[in-house]
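Take a look at the structure set out below.
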Amino acid sequence: MKLHHLLLASVLSLNTTAALAQHAHDHAPGSDNRVVLALTPDERVMILEEMRLFLDGVQKMTGALGKQAMPAVAEAARGMGRKLAHEVPPALRAKLPLEFRQLGASVHGDFDQIALDAESLKDVSYSLSQLSATLQKCVSCHTMYQIQGPALDARH
Ligand code: HEC
């Protein structure tokens with residue numbers, strides 16, 4: 001790429017960054033435009049518990065990857081696999097949008113695959129790139145949805 005092309009490209013990307021920052025400013029402080037999943041308190045607790053298991057599993061997995069301990073990598077990944085997708089009560093299931101359920105199922109499926117590949121390939125950087133691709137799905141879902149918690153004034 002010629003120098004002026006490079007300069008133009010970086011000016012354009014600066015403009016995009018500035019536009020994004022401006023967009024963020026347009027929102028009222030504390031506003032959250034994600035789709036709200038209106039769940040009961042118990043349902044919310046159930047989902048958030050599963051989420052914390054995900055975070056715990058990712059922590060274990062990265063720790064094991066750092067030590068190149070592939071059996072432990074597989075164990076941590078499998079813990080987040082389909083077996084974690086325990087029986088979702090039908091009433092809760094019915095409240096979850098199809099896209100939400102599909103993303104969730106796809107994340108569980110990925111972790112089973114990551115476990116299999118960690119065992120057979122024993123390749124740290126391959127496992128890491130798989131983990132990164134799966135974490136992108138966590139990011140996507142969190143960008144789209146929130147769960148309505150107890151009303152703020154009901155907490156006192
Ligand atoms: C299908 C959608 C979906 C996927 C996939 C998903 N999450 Fe979540 N997660 C949510 C929602 C919705 C919340 C609640 C967010 C809110 O209300 O602000 C949440 C909350 C969380 C929380 C907060 C838990 C708490 O106690 O408050 C953590 C941590 C978390 N997710 C981790 C993860 C990780 C790690 C992954 C991927 C391995 C993941 N999630 C994948 C939907 C998802």
Side-chain angles (χ1 to χ4, degrees), residues 16-17 19-156:
T16 314
T17 313
L20 284 174
Q22 182 56 45
H23 181 69
H25 265 284
D26 290 342
H27 293 289
S31 77
D32 187 338
N33 297 324
R34 297 176 298 168
V35 171
V36 173
L37 304 172
L39 307 181
T40 67
D42 285 353
E43 291 166 342
R44 174 172 178 268
V45 164
M46 189 182 295
I47 298 231
L48 293 182
E49 259 171 12
E50 176 175 340
M51 292 300 154
R52 293 194 300 277
L53 284 176
F54 270 147
L55 185 56
D56 186 54
V58 169
Q59 188 279 325
K60 290 197 168 81
M61 225 186 120
T62 49
L65 280 165
K67 291 186 220 146
Q68 306 190 19
M70 300 316 274
V73 170
E75 191 188 327
R78 197 161 277 125
M80 296 180 277
R82 288 194 190 85
K83 83 165 200 210
L84 182 60
H86 47 67
E87 290 288 301
V88 180
L92 171 54
R93 200 184 159 73
K95 290 181 191 172
L96 299 174
L98 179 64
E99 203 176 3
F100 184 97
R101 284 185 273 130
Q102 283 174 339
L103 254 177
S106 148
V107 166
H108 289 300
D110 281 4
F111 279 121
D112 281 331
Q113 187 61 48
I114 292 174
L116 286 173
D117 292 342
E119 281 163 347
S120 60
L121 306 174
K122 302 178 176 59
D123 181 337
V124 169
S125 64
Y126 187 73
S127 294
L128 270 173
S129 64
Q130 286 176 306
L131 175 61
S132 172
T134 300
L135 287 175
Q136 186 53 55
K137 296 179 184 172
C138 317
V139 172
S140 304
C141 194
H142 294 150
T143 306
M144 285 189 282
Y145 299 103
Q146 61 181 308
I147 302 174
Q148 208 156 43
L152 280 175
D153 53 18
R155 287 182 192 162
H156 296 290

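The structure displayed is predicted, hence computed values, not measured ones. Order of appearance sets the numbers: ligands from 1, and atoms from 1 within every ligand.
Legend: residues meeting side chain to side chain donor-acceptor pair (under 3.5 Å) with Arg101, ordered by chain and number and at least two apart, are absent.
Among pairs with a residue in residues 107-126, those fulfilling ring pair (Phe, Tyr, Trp, His ring centres under 6.0 Å) read Phe54-His108, at least two apart in sequence or across chains. Among pairs with a residue in residues 47-59, those fulfilling salt bridge (Lys or Arg N to Asp or Glu O under 4.0 Å) read Asp56-Lys60, at least two apart in sequence or across chains.
Of the possible polar contacts, none joining the Lys83 side chain to the Met80 backbone as a donor-acceptor pair under 3.5 Å is found. Distance alone, capped at 3.5 Å, places no donor-acceptor pair between the Ser132 side chain and the Leu128 backbone.
Here the straight-line distance linking atom CG of Leu96 with atom CD of Gln102 works out to 12.0 Å at 0.5 Å rounding.
Protein residues are said to neighbour a ligand when one of their heavy atoms lies under 4.0 Å from it; for ligand 1 these are Arg34, Leu48, Met51, Arg52, Phe54, Leu55, Phe100, Leu103, Gly104, Val107, Phe111, Cys138, Cys141, His142, Tyr145, Gln146, Ile147.
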